[in-house]
Amino acid sequence: MSTPADAQRMEKIVSLCKRRGFIFQSSEIYGGLNGLWDYGPLGVELKRNLKNYWWRVTVHERDDVVGMDGAILTHPEVLKASGHVEGFSDPMIDCRTCKAHLRFDQLIEKKGVKQCPNCGGKDLTDARQFNLMFETHVGAAAEESSIAYLRPETAQSIFVQFKNSLEVSRKKLPFGIAQIGKAFRNEINPRNFTFRSREFEQMELEYFCRPEQGTELLEYWKEERLKFYENIGISRANLHVRNVPDEERAFYSKGTYDIEYDFPFGRQELEGVAYRTDYDLSQHQKASGKSLEYFDEETKQRFIPHVVEPSAGVDRTVLALICEGYAEDQAPDEKGKMETRLVLRFHPRMAPIKCGIFPLLKNNERLVAKAKEVVDLLRPHMFVFYDESGAIGRRYRRQDEIGTPFCVTVDFETLGEKDEKLRDTVTLRERDSMKQERIAISDLLAALSVRIA
Ligand code: GAP
C-alpha cells in the first residue's frame, strides 16, 4: 500500500526529473501526448549506461549469447502466428458519466457494485476487448494488404530470425539471442510516470535450450537477473520475486517469475522471466512453413528448441534507479549550517556523470588551466562535467542532485602555493559520505576507474 508520503515522494521525483533534465513530457509545448516521454541530457546518459551494462553482461561477457537488432515495423503474419493479432488485448470499459476509458481491472468495487475510479459513476458499458497494438500501413496505399504493426515486444523478431542467427553464429544449445529496442503498446491508461507508457524499450533475451533443460534454466536466469539488479545498485530488500500462478500464466508457459520492485506507488513488475516452452518457434514454423528445427550433431535428432525468456523494461528500470537513488539528507551549507541536501545515490556504474571537475575560482587562470588539464586527462575514459560557476558548496550540491559520485577540486595547494609537497594533488570528494581526500592527479584516473567499474 502506498501512503501520502509515498505519493509526495513520487511527486518530488517527477519534478526533479524535469528540473534536472532526466525526463520530459513528450511534445510538451503542444500540451503533451499521454503515455509518451522524452529523455533529456541526463536521462539519456542514465538509460544508455543501463543498456550498455545489460549488453555487456548479457552478450559480451558470455560465449553463449549473440545479439540482434530487428525492425520495429512488423509483418502482420508474424504477429498473427504469435497470437498478438487475435489476443493481445485488455478488457476495456467506458464510464458514461465522465467518458473515461478504463481497463476492467481499474474499476473499484463498493458494496459489490463496480464504479469508475475517477468520478465514482456506476453507469458503465460492458467490457470489450481492446487490442493494444498500433497499426499502420506500409507504402502508399492504405489497404488491408499493406497493414503492418509497431512491434509490441522485441521478442518476435528474435524468434523469426532464429534460424539465420543460429546458422551464422554456429552456436550449440543452449544459447541465446539478445535484443534491446523499442516496443509499442496502446495502453488504455498509461500511468505512474514512465512506468506504463505507450512507447518504451525492452531488453530481452531468448535463451534456447533442450526441453529437459528448461525448468533448471528458468531458475538460473531468475538468479542471474536478480544479481543484475543488485549490480546496478538496486537493493535486494526492494526486489521481490513473484511466482506467477497457473491461472495468470500464458497457457504455453511452464513457469514464470515476475521480478518486482517497491516503487513509491506500490510493488510493481520490473521484469518477467518466463519458460515459454517451444510455443513461439512452433507457431512460426507452422505459419511460415519454414523449418525452425535444431539438428543435434551428437544425437542426430531434430527438434524445436524450448526457450527461457528474461524480458526487462528499460524505462521501468531507469525509473527504479531514480526512485532507489532519491534521498534527502542533511549537509552543512557554506557557513556550516545544516541544510537539507537532495541527492541521487546512483551506483557509480549507472551515474550519468562520473566526475565533476571544478577550479576553486573561475577568475584565476592557473586554477582554470589546471582544472582543464584534469578534464583532458579523464574525458577519454568517462563522462565528466566541468563547472566553474558559484561557490564550491553549491557546485557540489548541483552534482549531488544529479547523482555524480565524485567531484574533483583544483585549489591553490594543487598549484603548490601552500606546500610544495601538495603540488599536483587535488581534492576528491565522494557524494554519499561527502568525505574528501587529497590525491595526486597522476593517481586520479586509476582511482576513479576502480570505483566506477
Ligand atoms: N516478451 C515478453 C514480454 O514482452 P511483458 O511482461 O509484456 O513480456 C516485459 O513485458 C517487460 O517490458 C515488462 O516487465 C516491463 O518492464 C516492460 N513493459 C511492458 N509494458 C510496458 C509499458 N506499457 N511501459 C513500460 N514498460 C513496459
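Atoms within each ligand, like the ligands themselves, are counted from 1 in listed order.
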Aromatic ring proximity, centroids under 6.0 angstrom, Phe162 and Tyr294: no
Pair Phe193 + Phe265: ring centers closer than 6.0 Å: no
For ligand 1, find out whether one of its N or O atoms is nearer than 3.5 Å to an N or O atom of [X].
X      : value
Arg185 : yes
Glu204 : yes
Thr194 : no

Whether Leu270 lies under 4.0 Å from ligand 1, heavy atom: yes
Non-hydrogen atom of Arg191 closer than 4.0 Å to ligand 1: no
Can you figure out which of [options] has its heavy atom closest to [atom]?
atom                    : options                        : answer
atom 14 (O) of ligand 1 : Gln202, Glu187, Glu153, Glu269 : Glu269
atom 25 (C) of ligand 1 : Phe184, Phe159, Trp37, Phe195  : Phe195
atom 9 (C) of ligand 1  : Ala320, Ser311, Ala183         : Ser311

Parallel, tilted or perpendicular, as decided by the 30° and 60° cut-offs, for the rings of Tyr279 and Phe251: perpendicular
Specify the protein heavy atom at minimum distance from [atom]: its residue, its atom name, and the distance to 0.1 Å.
atom                    : answer
atom 17 (C) of ligand 1 : Gly313 CA, 3.8 Å
atom 24 (N) of ligand 1 : Ser197 N, 2.9 Å
atom 26 (N) of ligand 1 : Arg316 NE, 3.4 Å
atom 18 (N) of ligand 1 : Phe200 CE1, 3.5 Å

Near [X], which atoms of ligand 1 are under 4.0 Å from a heavy atom of that residue?
X      : answer
Glu309 : 1 (N), 2 (C)
Ala155 : 1 (N)
Glu271 : 14 (O)

Short side-chain to backbone donor-acceptor contact, Arg267 and Glu260, under 3.5 Å: no
For Ile353, the option from Phe346, Phe406, Phe383 that meets side chain to side chain contact (heavy atoms under 4.5 Å, CB included): Phe383
Passing option when Asp296 is tested against Gln301, Arg302, Arg210 for side chain to side chain donor-acceptor pair (under 3.5 Å): Arg210
Pairs where residues 121-152 contributes a residue and the test ring-ring contact (aromatic ring centres under 6.0 Å, His included) is met, not counting sequence neighbours: none
Of all pairs that satisfy side chain to side chain donor-acceptor pair (under 3.5 Å), the ones with a partner from residues 312-327, not counting sequence neighbours: Tyr39-Asp315, Ser235-Glu324, Asn238-Glu324, Tyr261-Glu324, Tyr326-Glu328
salt_bridge(Arg398, Glu401) N-O dist < 4.0 Å: no
Structural part of Arg276 in contact with ligand 1, heavy atom criterion under 4.0 angstrom: side chain
Shortest non-hydrogen contact from Pro117 toward Gln106: CG-O, 3.4 Å
